[in-house]
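These numbers come from the heavy atoms of this one structure, side chains and all, not from hydrogens, waters or symmetry mates.
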Amino acid sequence: MSPRPEEAAMRREVVKRIETVIKDLWPTADVQIFGSFSTGLYLPTSDIDLVVFGKWERPPLQLLEQALRKHNVAEPYSIKVLDKATVPIIKLTDQETEVKVDISFNVETGVKAARFIKEYMKKYSLLPYLILVLKQFLLQRDLNEVFTGGISSYSLILMAISFLQLHPRIDARRADENLGMLLIEFFELYGRNFNYLKTGIRIKNGGAYIAKEEIMKVMTNGYRPSMLCIEDPLLPGNDVGRSSYGAMQVKQVFDYAYIVLSHAVSPLARSYPNRDSESTLGRIIKVTQEVIDYRAWIKKKWGSKINLSPELDNRLKIRDQIAPCNGEQQQNRDSEPSYNQRLALSLASTQQLSSGSSASSVSSLSGSDIDSDTPPCTAPNVYQFNLQAPTQLMASLPPALPMPSGKPQSTPTRTLIMAASNQV
């Protein structure tokens with residue numbers, strides 16, 4: 001599910017179309033990309049976040065809306081102006097690609113957050129792989145957005161950074177750590193051992209778990225720390241998890257994933273009757289046929305446009321900013337980005353893991369005094385990968401992801417092949 005070159009090319013075209021309309025209105029305006037497209041941590045159906053910087057007393061939402069309609073950039077009924085929101089934005093769906101776009105004005109926090117995340121992606125080369133798996137895991141359960149009862153991508157990324165910062169056993173700056181083990185330990189920490197009632201997460205100054213009482217002392221406007229309390233590393237006094245009212249539901253599915261995966265890699269799993277027909281990661285993650293077909297359509301239409309013009313490439317600089325985060329030379333780009341070689345996660349090598357894994361020592365730092373006895377969440381369906389060969393992973397995908405209407409669905413297979421690395 002990692003980004004492909006043709007998907008980046010398609011998204012750049014979307015940005016270019018919208019930027020052209022904006023520049024026609026305001027030639028001196030500065031259009032910048034932030035969010036997952038800027039960091040490279042986007043899924044095939046993720047939206048694009050744009051911010052327009054210029055000199056206006058008020059965000060000219062209606063003026064831009066009219067221009068977008070006039071140039072037929074967006075689907076007619078997809079443009080929405082949210083002028084009463086905390087951050088006023090224009091939401092639209094691109095006419096040609098059906099990629100969703102959010103446009104804001106003069107808001108610097110998103111750009112700063114993207115820059116902050118890129119710095120940690122360079123520091124922790126394992127971070128992108130962990131994030132993409134976790135984002136897919138939450139997306140298929142409709143827990144990847146605050147308004148659906150989940151958590152934001154920014155909260156998830158900060159949780160992952162904190163996990164890597166404070167891990168007592170591994171050096172997360174190394175690229176050869178066992179990703180499968182890390183994924184299970186992440187689920188164990190935030191699914192059953194982290195003390196959400198008493199403890200907050202701090203990223204700055206090397207990271208720490210901190211009592212909520214301490215965080216409350218610096219919070220502004222009388223706010224109290226939320227259940228999922230994450231101190232904003234860029235805005236002191238702001239709690240990133242403040243709007244995540246469904247954080248306990250996310251905790252439940254993390255606990256559920258920990259139970260499923262830890263059982264799957266236990267020695268007893270060797271005797272399971274379906275062990276040769278199921279992959280380990282496929283027990284908690286799936287891919288829908290619509291997304292597989294959508295990606296095939298993108299590759300067919302934009303595969304020949306990967307080599308973009310130097311002007312556009314230099315101006316947006318997205319690939320240049322993403323590439324150093326990989327830590328490895330980009331190889332076999334025509335077939336699949338190198339992210340997918342790691343995303344298959346070498347969970348098979350974690351057979352030695354017992355239910356009392358070393359993640360308990362991570363969570364003991366969080367101030368937890370008891371282990372959670374929450375029963376496994378029964379809400380999410382668990383879907384399975386099928387193994388075609390020991391070194392390949394095949395997946396089916398989440399029903400929640402929309403397939404652009406009217407697009408060819410010529411892909412005969414119902415599986416997505418993701419090359420799995422034998423190295424961990």
Side-chain angles (χ1 to χ4, degrees), residues 3-83 85 87-115 117-118 153 294 298 301-323 404:
R4 295 173 176 172
E6 58 269 17
E7 292 168 347
M10 178 191 74
R11 287 166 176 267
R12 290 189 186 197
E13 284 193 10
V14 174
V15 173
K16 178 63 177 177
R17 280 194 290 274
I18 295 174
E19 186 180 33
T20 299
V21 174
I22 293 172
K23 290 287 188 179
D24 284 345
L25 285 174
W26 308 289
T28 60
D30 179 24
V31 181
Q32 294 192 30
I33 304 166
F34 67 99
S36 62
F37 186 34
S38 175
T39 61
L41 300 176
Y42 60 94
L43 297 175
T45 55
S46 295
D47 58 8
I48 297 174
D49 296 299
L50 299 178
V51 58
V52 185
F53 292 100
K55 296 181 179 180
W56 304 284
E57 291 185 5
R58 287 185 173 184
L61 300 169
Q62 283 73 22
L63 189 58
L64 180 56
E65 176 199 11
Q66 294 171 6
L68 291 168
R69 292 186 186 278
K70 178 181 177 182
H71 289 82
N72 295 318
V73 171
E75 293 182 350
Y77 300 102
S78 72
I79 303 181
K80 297 178 181 178
V81 176
L82 306 181
D83 53 356
V87 178
I89 61 172
I90 296 176
K91 299 179 75 72
L92 62 90
T93 302
D94 180 66
Q95 180 95 302
E96 182 177 350
T97 65
E98 296 199 0
V99 171
K100 292 179 173 56
V101 183
D102 290 349
I103 307 172
S104 57
F105 290 84
N106 290 338
V107 180
E108 296 183 354
T109 53
V111 177
K112 290 180 179 179
R115 193 179 304 125
I117 292 168
K118 289 175 190 175
S153 293
Y294 182 38
I298 294 172
K301 187 164 184 178
W302 277 273
S304 61
K305 301 179 181 180
I306 293 176
N307 295 325
L308 299 172
S309 67
E311 178 185 354
L312 182 60
D313 200 53
N314 289 334
R315 183 171 52 79
L316 297 180
K317 295 182 180 178
I318 298 173
R319 298 309 300 180
D320 292 341
Q321 293 168 347
I322 295 174

Begin with the C-alpha distance, continue with both residues' side-chain angles, and end with the deciding distance and a verdict on side-chain contact (heavy atoms from CB on, under 4.5 Å) for Arg17 and Asp94. CA-CA 9 Å; Arg17 280 194 290 274; Asp94 180 66; 2.7 Å; yes
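- One finds the CZ atom of Arg69 at 9.5 Å from the OH atom of Tyr77 (value rounded to the nearest 0.5 Å).
- For the pair Tyr294 and Thr97, the tightest heavy-atom approach, listed with the atom from each and the gap, is OH-O, 3.0 Å.
- A heavy-atom distance below 4.5 Å is found between the side chains of Phe105 and Leu61.
- Two residues are said to be in side-chain contact when any heavy atoms from C-beta on lie closer than 4.5 Å; Val51 and Asn106 fail this criterion.
- Side chain of Asp49 to main chain of Gly110: no donor-acceptor pair is present (N/O by atom type, distance under 3.5 Å, no hydrogens or angles).
- Under the side chain to side chain donor-acceptor pair (under 3.5 Å) criterion, Asn72 pairs with no residue at all, not counting sequence neighbours.
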Hey, mind stepping through Leu50 and Phe34 against side-chain contact (heavy atoms from CB on, under 4.5 Å) and telling me if it holds? CA-CA 6 Å; Leu50 299 178; Phe34 67 99; 5.6 Å; no
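- Under the 4.5 Å side-chain criterion, counting only non-hydrogen atoms from C-beta, Val101 is not in contact with Lys91.
- Tyr42 and Arg4 get closest at one heavy-atom pair: OH-O, 4.3 Å.
- Between Pro76 and Gln95, the shortest heavy-atom contact is CD-OE1, 3.8 Å.
- In this structure, Val14 and Ile48 have side chains that are in contact, with non-hydrogen atoms separated by less than 4.5 Å.
- Side-chain contact of Lys118 with Ser38: a donor-acceptor pair under 3.5 Å is present, judged by distance alone.
- Using a distance-only test at 3.5 Å, with no hydrogens or angles considered, a donor-acceptor pair links the side chain of Thr20 to the main chain of Lys16.
- Between Asp47 and Phe37, the closest side-chain pair of non-hydrogen atoms is not below 4.5 Å.
- For Lys301 and Glu6, the salt-bridge test fails: no basic side-chain N is under 4.0 Å from an acidic carboxylate O.
- Ion pairing of Arg11 with Glu7 is absent here, as no side-chain N (NZ or NE/NH1/NH2) approaches a carboxylate O to less than 4.0 Å.
- Taking OG1 of Thr39 as the start and CD1 of Ile117 as the end, the distance is 5.5 Å to the nearest 0.5 Å.
- For Glu108 and Arg115, the salt-bridge test fails: no basic side-chain N is under 4.0 Å from an acidic carboxylate O.
- Applying the side-chain hydrogen bond (donor to acceptor under 3.5 Å, both in side chains) test to residues at least two apart or on different chains, the pairs with a partner in residues 22-34 are Asp30-Gln32.
- The NZ atom of Lys80 lies 12.0 Å from the CD atom of Glu65; values are rounded to the nearest 0.5 Å.
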Could you please spell out the steps behind the side-chain contact (heavy atoms from CB on, under 4.5 Å) verdict for Glu98 and Glu75? CA-CA 8 Å; Glu98 296 199 0; Glu75 293 182 350; 3.2 Å; yes
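- Residues Ile103 and Leu92 meet the side-chain proximity criterion, which asks for heavy atoms closer than 4.5 Å.
- The shortest side-chain heavy-atom distance between Ile90 and Ile79 falls under the 4.5 Å cut-off.
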Worked check of side-chain contact (heavy atoms from CB on, under 4.5 Å) between Thr93 and Val99: CA-CA 6 Å; Thr93 302; Val99 171; over 6 Å; no
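- Taking both residues in full, the closest heavy atoms of Ser36 and Ser46 are given as OG-CB, 3.9 Å, listed atom of the first, atom of the second, then distance.
- Rounding to the nearest 0.5 Å gives a distance of 8.0 Å between OG of Ser153 and CG of Leu43.
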